[in-house]
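Okay, so here's the structure we're looking at.
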Amino acid sequence: MTVADKVVLITGAARGLGLEYARFLGQAGARVVAGDVADCADAVQAAGNDAVGIRLDVTDIASADSMVELAMERFGRIDALINNAALYGSLRGGRFNQIAEADWDATMAVNVKGIWNCCKAVVPAMRQSGGGSIINIASLAATYGMPFALHYTTSKAAVIGLTRGLARELGRDNIRVNAVAPSAVMTEGTAEFFGDRLDRGLEVIRAGQTIQRTLEPSDLTGTIAWLISDGSSFVTGQTVAVDGGTVLL
Ligand SMILES: NC(=O)c1ccc[n+]([C@@H]2O[C@H](COP(=O)([O-])OP(=O)(O)OC[C@H]3O[C@@H](n4cnc5c(N)ncnc54)[C@H](O)[C@@H]3O)[C@@H](O)[C@H]2O)c1
């Protein structure tokens with residue numbers, strides 16, 4: 001099971017989990033293309049190995065196309081796409097009927113349409129490369145049914161549906177599509193999302209887990225690497241929960 005020399009596109013790579021994926025995969029020998037609306041310099045540096053960064057807005061198909069063009073120019077093929085970009089840390093929670101319509105629409109635009117855009121952009125290049133692996137980052141929010149952030153929960157449930165339908169469409173192209181559903185991981189995004197309820201929130205999440213500790217970013221990298229690698233070549237359409245055994249799928 002190796003990711004060495006695999007060309008991997010990571011969206012939302014400027015910080016948090018995307019940055020961790022860039023670091024881990026680059027150090028494991030992958031060629032990383034890091035995209036984000038924010039600057040990806042840290043990801044490029046962390047990934048090394050000829051990594052390249054690009055300003056990317058996943059809500060804009062032309063921007064997604066530019067990321068793919070950059071990858072093809074630089075590396076000549078694309079093996080994997082990690083659809084990690086999302087509105088998460090910046091979102092405000094609240095009762096379902098108090099979520100601002102603009103926040104609802106923005107969440108769907110980034111978390112759902114953004115993945116659709118990046119998939120549309122990357123699939124022709126993957127077909128050209130003979131196949132590939134698309135990994136969509138969902139969340140325990142969807143598998144558990146997290147309340148008080150219904151825009152986020154709904155968007156992540158849509159990611160799972162998108163994953164299943166697209167996997168069936170792309171199997172004949174040897175393109176696998178899977179989702180990863182993490183529970184709360186200690187990132188800047190999680191600190192922002194929970195605000196002054198962080199300790200209580202993590203305590204409640206931990207209490208629901210089979211394994212009684214908080215997830216760390218490094219807990220996710222093995223699953224991501226496996227889904228990119230040929231070791232998972234017969235796995236598609238699945239949602240892999242990395243949640244310490246909270247929801248048993
Ligand atoms: N941290 C967690 O506990 C947790 C748990 C489950 C799932 N997730 C998911 O994992 C992913 C990363 O989580 P995180 O904690 O690192 O989140 P984060 O909020 O820290 O990072 C998200 C990144 O996406 C980028 N982004 C936002 N809008 C964008 C756009 N339009 N185009 C391109 N990039 C854009 C942001 O700039 C940021 O760098 C997200 O999909 C999140 O929903 C996180």
Side-chain angles (χ1 to χ4, degrees), residues 9-24 33-44 46 53-67 81-93 103 105-118 121 135-144 146 149 151-160 162-163 179-195 197-198 201-202 204-206 209 214-221 223-224 239-244 246-247:
L9 276 54
I10 307 172
T11 72
R15 69 173 204 170
L17 294 177
L19 174 58
E20 178 68 14
Y21 301 150
R23 184 194 329 275
F24 179 86
V33 180
D36 202 299
V37 281
D39 183 46
C40 279
D42 287 350
V44 170
I54 186 171
R55 289 277 181 177
L56 166 76
D57 180 354
V58 295
T59 66
D60 175 8
I61 182 70
S63 181
D65 284 337
S66 298
M67 186 178 189
L81 163 68
I82 306 175
N83 279 311
N84 168 77
L87 292 188
Y88 168 57
S90 59
L91 291 180
R92 295 282 67 82
D103 289 348
D105 290 345
T107 305
M108 297 306 154
V110 177
N111 298 13
V112 185
K113 185 179 170 188
I115 292 184
W116 181 51
N117 277 341
C118 291
I135 301 167
N136 299 324
I137 305 301
S139 173
L140 174 69
T143 52
Y144 175 78
M146 184 177 72
H151 44 352
Y152 183 73
T153 298
T154 305
S155 74
K156 292 299 185 179
V159 170
I160 294 172
L162 183 156
T163 298
V180 173
S183 61
V185 199
M186 263 323 302
T187 62
E188 305 106 295
T190 294
E192 290 166 14
F193 185 79
F194 284 96
R197 296 194 204 98
L198 179 63
L202 292 181
V204 169
I205 290 166
R206 243 188 341 261
Q209 292 174 186
T214 298
L215 191 70
E216 297 294 335
S218 57
D219 288 315
L220 285 160
T221 47
T223 300
I224 297 284
T239 298
V240 182
V242 183
D243 65 358
T246 307
V247 176

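When a ligand or atom number is given, it counts from 1 through the structure's own listing order. Worth knowing before you read on, the calculation uses all heavy atoms, side chains too, and leaves out hydrogens, waters and symmetry mates.
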Is the shortest side-chain heavy-atom distance between Leu220 and Tyr21 below 4.5 Å?
yes
With only distance considered, is Thr59 within less than 3.5 Å of ligand 1 through an N or O on each side?
no
Could you identify the single nearest non-hydrogen protein atom to atom 21 (O) of ligand 1 and state the distance to 0.1 Å?
Arg15 NE, 4.0 Å
Close N or O approach (Asn84, ligand 1; < 3.5 Å)
yes
Using the six-membered ring wherever Trp is involved, compare the ring planes of Phe193 and Tyr152 and label them parallel, tilted or perpendicular (cut-offs 30° and 60°).
tilted
Output yes when the distance from some N or O of ligand 1 to some N or O of Gly18 is under 3.5 Å, and no in every other case.
no
Run the side-chain contact (heavy atoms from CB on, under 4.5 Å) test on Asp243 and Leu215 for me, step by step, so that the C-alpha distance in whole Å, both residues' side-chain angles and the decisive distance to 0.1 Å come before the verdict.
CA-CA 7 Å; Asp243 65 358; Leu215 191 70; over 6 Å; no
Does ligand 1 have any atom that is closer than 4.0 Å to a heavy atom of Thr11?
no
Below 4.5 Å, heavy atoms only, C-beta onward: do Met108 and Thr154 meet side chain to side chain?
yes
Kindly confirm or rule out an N or O of Leu56 lying under 3.5 angstrom from an N or O of ligand 1.
yes
Consider ligand 1: state whether an atom of it lies below 4.0 angstrom from any non-hydrogen atom of Ala138.
yes
Test of proximity, Val58 against ligand 1: N or O pairs below 3.5 Å
yes
Compare all side-chain heavy atoms of Leu17 with those of Asn84 and state whether any distance is below 4.5 angstrom.
yes
Out of the candidates Leu9, Ile137, Asn136, only one should pair with Ile82 under the side-chain contact (heavy atoms from CB on, under 4.5 Å) rule; please name it.
Ile137
Given that the side chain starts at C-beta and the backbone is N, CA, C, O, which of these parts of Glu192 lies under 4.0 Å from ligand 1, counting heavy atoms, or is it both or neither?
neither
With rounding to the nearest 0.5 angstrom, report the OG1 to CD1 distance, Thr11 to Ile115.
7.0 Å
Side chain or backbone, does Glu188 bring an N or O within less than 3.5 Å of an N or O on ligand 1?
no
Are the side chain of Ser66 and the backbone of Ala62 linked by a donor-acceptor contact shorter than 3.5 Å?
yes
State whether the number of non-hydrogen atoms from other residues, nucleotides or ligands found under 6.0 Å of Tyr144 atom OH is greater than 12.
no
Ala184 touching ligand 1 at heavy-atom level, < 4.0 angstrom
yes
Heavy-atom contacts with Gly16 under 4.0 Å: which atoms of ligand 1 show up? List them by number with element.
16 (O)
Just jot down the ligand 1 atoms closer than 4.0 angstrom to any heavy atom of Tyr152, in number order.
7 (C), 8 (N), 9 (C), 42 (C), 43 (O)
Between Val37 and ligand 1, which residue portion shows a heavy-atom distance shorter than 4.0 Å: side chain, backbone, both, or neither?
both
Protein residue, atom and distance nearest to atom 22 (C) of ligand 1, heavy-atom basis:
Ala86 O, 3.6 Å
Can Ser183 be said to touch ligand 1, with heavy atoms closer than 4.0 Å?
yes
Look only at the side chain of Asn117 and the backbone of Thr59, and say whether a donor-acceptor pair between them is shorter than 3.5 Å.
yes
